[in-house]
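Naming: A, B, ... by sequence-line order, numbering from 1 per chain. No experiment lies behind these values; they were computed from the predicted model shown.
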2 protein chains.
Amino acid sequence: MATEEELNTQIAELGEQIKKAKQEKKPKEEWDPFLKEMLALKAKFKEVTGRDHGPQTQVPKPKDSGQQEASEKNKEKRAAKAASKAKKEAEKAAKRAERERREREKAEKLAGIGQGNFGDAKMVKSHEITDKKWIEVGNLKPALAGQKVLIRGYIQVSRGVGKGVFVLIRSTLYTVQGVAFQNKTVSQGMVKYVSALPVESVVDVEGTVTVPENPVESATQKMVEIQITSFHCVSKAKQALPFLMEDACRPDEKKEADVGAYDENEEVKREDGLVRVGDKNRLDNRWLDLRTPANQSIMRIESMVGCLFRECLLSKGFIEVHPPKLIAGSSEGGSDVFTLDYFGQPACLAMSPQLHKQMAAACSGFERVFTTGPVFRAENSNTRRHLCEFTGFDMEMAIHEHYDEVMDVFSDLFIHIFDGINERCKAELERVREQHPFEDLKYLRPTLKITYAEGCTLLREAGIDQDDYEDLSTENEKKLGDIVKEKYDTDFFFMDKYPLSVRPFYTMPCPDNPKLSNSYDFFIRGQEILSGAQRIHEPDFIEERAKAWDIDLSTIEEYVNSFRNGALPHGGGGIGLERVVMLFLGLPNIRKASWFPRDPKRLAP
Amino acid sequence: MATEEELNTQIAELGEQIKKAKQEKKPKEEWDPFLKEMLALKAKFKEVTGRDHGPQTQVPKPKDSGQQEASEKNKEKRAAKAASKAKKEAEKAAKRAERERREREKAEKLAGIGQGNFGDAKMVKSHEITDKKWIEVGNLKPALAGQKVLIRGYIQVSRGVGKGVFVLIRSTLYTVQGVAFQNKTVSQGMVKYVSALPVESVVDVEGTVTVPENPVESATQKMVEIQITSFHCVSKAKQALPFLMEDACRPDEKKEADVGAYDENEEVKREDGLVRVGDKNRLDNRWLDLRTPANQSIMRIESMVGCLFRECLLSKGFIEVHPPKLIAGSSEGGSDVFTLDYFGQPACLAMSPQLHKQMAAACSGFERVFTTGPVFRAENSNTRRHLCEFTGFDMEMAIHEHYDEVMDVFSDLFIHIFDGINERCKAELERVREQHPFEDLKYLRPTLKITYAEGCTLLREAGIDQDDYEDLSTENEKKLGDIVKEKYDTDFFFMDKYPLSVRPFYTMPCPDNPKLSNSYDFFIRGQEILSGAQRIHEPDFIEERAKAWDIDLSTIEEYVNSFRNGALPHGGGGIGLERVVMLFLGLPNIRKASWFPRDPKRLAP
């Protein structure tokens, strides 16, 4: 038996639905069932409580002031009268509802159509644990044919056809088609109810698995269908959707070019004339945008990269470190930092875990450490490949003799990540490809390694101006990526021995050529995804190099100090997670690989 | 043949050593070998370059101004004279050095003592990869007896005895004893060199593994010793240590009480009169403090907790989400937030990933998500169990019917974590226990669950005042922990159905009693380590509850909006990683479980 509270909630919810339907000028046949049900519930309410449903007659609290007594009495009288009237009306309505309910039950009993096989479910409030078993949409396969199953998911599409309705139910990145046609168990009311539910509502669907004659092309579970026997709404989509999922899922017409400034407001027209959901609309409603199968898949691949990164490094004896993001001082060696007040002290947000991962690996003797976490850049860059908060995957390790020891670990690591995505995320890759077509990433085993000088030579041989001791422009990096792809058939390579002048002061210089350094960058499809180096572990030498850079030694005192008690030679590097995912999948924009992107113009949701 | 640059570096390094030795008024016998070596190197320098070693005579650049010419010429003359004098002196010195070198070689050849088996190693600059193989100290076992091995580690202790020296070499949490006594390969100079090296310097030690007659009690590798054949310093500890490792490793005399305010400056005296390293000293030099075997172990256990947490949740279909830490607005529902300027907009640092993990799990349909990352609290709490930045381990999941589904996952999760630490971190647990003795954590399978009301009853039965609808004080939580331990023999339990009034507005009320809520806390040794609940997924109901809390709806508009497009019923919870580690190990202070702690008074290193 339902409790008073439950009945109240259900009645209120039905009332809301009726009110809304009326406001939206829906035909009466659509909201009449709700009205009847509400009246029936009100009757049940009286049965349970012995009271009529409705606002209770409140006995006004006595007030202190004697002057107000007379008017209070009048009010009381009026209230009593109104209550009495309301009571009578409610009694009438309840009787009428009860009569109607009995008639309906009788009619449906005669027709063999059971009650309770559709409607709004009671709000999930942890009332009880039943013996119901839900099955995941992704697990629906022809082997289950003939079995009764229960699934929960979002209504992606619903399409009424004559006396029936097709619904596409989505859970995570999987969809399945459900079918409800009027028959012995499916009433006309039920078909109407299913058809009228707003898309993206969450529903519980029960039915029998069948194998359709022709594959259901619109679903991921093409070889099965569900013959619906019950349909309940668990959470109704209560406001107009800012965009249609259909539009949000449409395959890209062409690649956006990764050049110049990025403006999320910019309207890009589709050549085929169909609606294109703009980035602003998507990102303003990111929780909805993330529901598309492509986005579900991108984020699952991103999660897998984290899993693969840690799996590989843990197997190589690394441990996880949690470096602080709150750093003393108002500048961390650059102006692009977010600053804040820390109990009266100036502080800033770490632009990288550099200092602390070095401390952990080399100065505290942990030897091999990694960390994954947010990295903050107050850089006013509005491009397709910059974020103000991204996820840094960093490692740092002691070396015995040579930074090649680090690069070997990275080569293994990236191959493990790329192999892992390809092997463990097949369904996800398919979903991404459907919306954002891309070429498979090509990579060699072990990873191709060229020197910076060799890279420059390749560029010059192609007629591109590039000095061995000057920095590479983003443009030349991309051209080099093309040349390397052409020559070595790989989208992924390492380049080492960068000019000393383009790397941070703590980079170990090259022992053979003082103008070079023991540093490296890694590239995917011609874009940098990792930067690293052997770092100087000798405090006096760090200071010497800092002086050569005209760095005020007092600003790096703490950093240098941590090397004064004996330190292990070491090197490492850092990856931007979102950039790795973006480039592996050939996505047009880094925001597509960020859960809730932060750029100079966006701080929400 | 060494290059000019290498010779320069080596000569400069020797010069530094001699200078330092002289400044420290060390006996000549200690620095004389360096001097001789330097002179020999200078001779070699001349051989290689055809020039004398020393500052080169610079030809001044011609200046524009004609007026300065005369004085410039005078300067040139003086410089030429000085250079000529320097050249003659250098030639003399080189000859003398060469003579001495030959004599020394002759003497040592006669004595059968090889060159190059001790001294300062060339700075590791990635010169080349040799065929040297280092072995990890933790892998040194009696099975290797008779084999020659090479290890790298910190000198933890060195103790000269007559004509020999014992050194304890530490790498990560393992130590081994090395022995060098004067013999055919070990010269007097070598023993002196080894003895004189400052402790905590990083060294490469080569030698033969032997099995000692009696176990080496001071080492973790008790059943082996290394008979040293060569000894080179890789990185010298260059400044006086702020505390001795011996003092920093000393076992606790008694537990610090976790009550009242915490002051890292507070001097706590040991009853045995031995030196106790104060917290301020430790934390100011955290990179050194972290070298103690106990701290190495605590951090490795902490890393393992992360590994076990993800391992368990990934196996249950969770994926990792990376929620932003930068949040719009200057307050996130509390005053204890750090605020900052975000390109002209007010922003703050997330106090929890609550909103975004709910969005991901319930509104975007990812169903099961976890996240691990920094959480920021601008709370001015100076206690033994609060940090201003800690590591949050959070999860959020869709539920079908009941929040028990969440608690079941948590029960499995914690048992997986506790079992995992006990099984995979035996060596680490031993090291922690040596310094900070603690009782093994007791826990049941599945986890004990009591209701809040039952907890309150237990307290009242023990004569402690506690109302069913009022919050538990920290003190009563601890008392309850004791009572539960006594009654059920477990240090770990869940308590659910907290009063609605003590939980956040978005907590789902209990369906049976409107004064209770579908929420829970988990406790280890009487201290809360996890707080969670079923959350409201219906937007209108969230608003209703927010109103009951007098919360201005405009401040939660964005939060509520994300539930308006259909949302899955869901629940979750968050753990403070450092607190879990602290309580599992019974540590006296949360700072011992934080890599680089941040509290209201500490923002460095």
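With a 4.5 Å cut-off on non-hydrogen atoms, Phe376(B) touches chain A through its side chain but not through its backbone. When heavy atoms are compared at a cutoff of 4.5 Å, Glu302(B) approaches chain A solely by way of its side chain, counted from C-beta outward. Only the side chain of Tyr154(B) comes within contact range of chain A, judged by heavy atoms closer than 4.5 Å. Looking at Leu314(B), only its side chain comes within 4.5 Å of chain A, counting heavy atoms on both sides. For chain A, no part of Asp284(B) is nearby; none of its heavy atoms comes within less than 4.5 Å. Only the backbone of Glu379(A) comes within less than 4.5 Å of a heavy atom of chain B; no side-chain atom from C-beta onward does. In this structure, chain B has no heavy atom under 4.5 Å from any part of Ile155(A). With a 4.5 Å cut-off on non-hydrogen atoms, Arg368(B) does not touch chain A at all. In this structure, chain A has a heavy atom under 4.5 Å from the side chain of Asn518(B), while its backbone stays farther away. Proximity to chain A (any heavy atom under 4.5 Å) is shown, for Ser594(B), by neither the backbone nor the side chain. Residue Glu544(B) does not touch chain A at all, counting heavy-atom pairs closer than 4.5 Å. Interface remark: Asn380(B) contributes backbone and side-chain atoms alike to the contact with chain A (heavy atom separation under 4.5 Å). With a threshold of 4.5 angstrom between heavy atoms, Glu200(B) approaches chain A through its backbone and through its side chain. For Ala398(A), no part lies under 4.5 angstrom from a heavy atom of chain B. Heavy-atom distances place both the backbone and the side chain of Met299(B) under 4.5 Å from chain A. For chain B, no part of Asn285(A) is nearby; none of its heavy atoms comes within less than 4.5 Å. Within the 4.5 angstrom heavy-atom criterion, only side-chain atoms of Glu367(A), from C-beta onward, approach chain B. Interface remark: Pro600(A) contributes backbone and side-chain atoms alike to the contact with chain B (heavy atom separation under 4.5 Å). Within the 4.5 angstrom heavy-atom criterion, no atom of Thr292(B) approaches chain A. Thr172(B) touches chain A through backbone and side chain together, each having a heavy atom under 4.5 Å away.
Ranked by non-hydrogen atom pairs under 4.5 Å with chain B, the options Thr130(A), Ile536(A), Leu241(A), Leu340(A) are led by Thr130(A). Listed options His400(B), Met359(B), Arg291(B) were ranked by heavy-atom pairs under 4.5 angstrom with chain A; first place goes to His400(B). Note on Val199(B), Ile399(B), Leu568(B): by heavy-atom pairs under 4.5 Å with chain A, the leading option is Leu568(B). Ranked by heavy-atom pairs shorter than 4.5 Å toward chain B, the options Gln534(A), Lys236(A), Glu578(A) are led by Gln534(A). Considering only heavy-atom pairs separated by less than 4.5 Å from chain B, the leading option among Ser201(A), Pro605(A), Gly373(A) is Pro605(A). Options Met508(B), Glu558(B), Arg152(B), Met304(B) differ in how many heavy-atom pairs under 4.5 Å they form with chain A, and the most are formed by Arg152(B). Of the listed residues Cys233(A), Ser562(A), Ala378(A), the one with more heavy-atom pairs under 4.5 angstrom with chain B than any other is Ser562(A). Ranked by heavy-atom pairs under 4.5 Å with chain A, the first of Pro374(B), Ala604(B), Gly317(B) is Pro374(B). Chain B forms the most heavy-atom pairs under 4.5 Å with one residue out of Phe541(A), Tyr559(A), Phe596(A), Phe318(A), and that residue is Phe596(A). Interface summary for chain A: among His127(B), Glu405(B), Arg598(B), Lys601(B), the most heavy-atom pairs under 4.5 angstrom belong to Arg598(B). Among the candidates Pro597(A), Gly344(A), Cys388(A), Gly306(A), the residue making the largest number of heavy-atom pairs closer than 4.5 Å to chain B is Cys388(A). The candidate from Ala237(B), Pro242(B), Ser364(B) with the greatest count of non-hydrogen atom pairs under 4.5 Å with chain A is Ser364(B).
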Worksheet item: Does the pair Cys510(B) and Lys497(B) meet the rule for a side-chain contact (heavy atoms from CB on, under 4.5 Å), with working shown?
Response: CA-CA 7 Å; Cys510(B) 172; Lys497(B) 294 285 177 201; 3.4 Å; yes
Practice prompt. Show your reasoning for whether side-chain contact (heavy atoms from CB on, under 4.5 Å) applies to Asp404(A) and Ile129(B).
Written response: CA-CA 8 Å; Asp404(A) 271 358; Ile129(B) 296 183; 3.7 Å; yes
Worksheet item: Taking it one step at a time, do Leu349(A) and Leu349(B) satisfy side-chain contact (heavy atoms from CB on, under 4.5 Å)?
Response: CA-CA 10 Å; Leu349(A) 294 178; Leu349(B) 294 178; 3.8 Å; yes
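Taking the ring centroids of Trp595(B) and Phe366(A), they lie under the 6.0 Å cut-off.
With respect to Glu538(A), the salt bridge (Lys or Arg N to Asp or Glu O under 4.0 Å) criterion is satisfied by exactly one of Lys122(B), Lys238(B), Lys125(B): Lys238(B).
Using a 30° and 60° split on the angle between ring planes, Phe309(B) and Phe370(B) fall in the perpendicular class, above 60°. By the 30° and 60° cut-offs, the orientation of the rings of His570(B) relative to His537(B) is perpendicular. Between Phe338(B) and Tyr342(A), the ring-plane angle classifies as parallel under the 30° and 60° cut-offs.
The shortest non-hydrogen separation linking Val202(A) to Gly566(B) is CG2-C, 4.0 Å. Nearest heavy atoms, Val369(A) versus Ala361(A): CG2-CB, 4.1 Å. Smallest separation of non-hydrogen atoms from Gln296(B) and Leu290(B): NE2-O, 3.2 Å. Of all heavy-atom pairs between Ala347(B) and Leu603(A), the closest is CB-CD2, 3.7 Å. Nearest heavy atoms, Ala240(B) versus Asn565(A): O-ND2, 4.3 Å.
Side chains of Trp287(A) and Asn561(B): no donor on one and acceptor on the other come within 3.5 Å.
Ion pairing between a basic and an acidic side chain is recognised when a charged N comes within 4.0 Å of a carboxylate O; Asp289(A) and Arg286(A) show such pairing.
Side-chain contact check for Val375(B) versus Thr391(B): every heavy-atom pair is 4.5 Å or farther apart.
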I'd like a table of donor-acceptor pairs (distance under 3.5 Å, sequence neighbours excluded) in which one partner is a side-chain atom from residues 319-326 of chain A, with atom names and distances.
{"from": "Glu320(A)", "atom 1": "OE1", "to": "Arg310(B)", "atom 2": "NH1", "distance (Å)": "3.1"}
{"from": "Glu320(A)", "atom 1": "OE1", "to": "Arg310(B)", "atom 2": "NH2", "distance (Å)": "3.4"}
{"from": "Glu320(A)", "atom 1": "OE2", "to": "Arg310(B)", "atom 2": "NH2", "distance (Å)": "2.8"}

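Here the straight-line distance linking atom CG of Leu313(A) with atom SG of Cys307(B) works out to 12.0 Å at 0.5 Å rounding.
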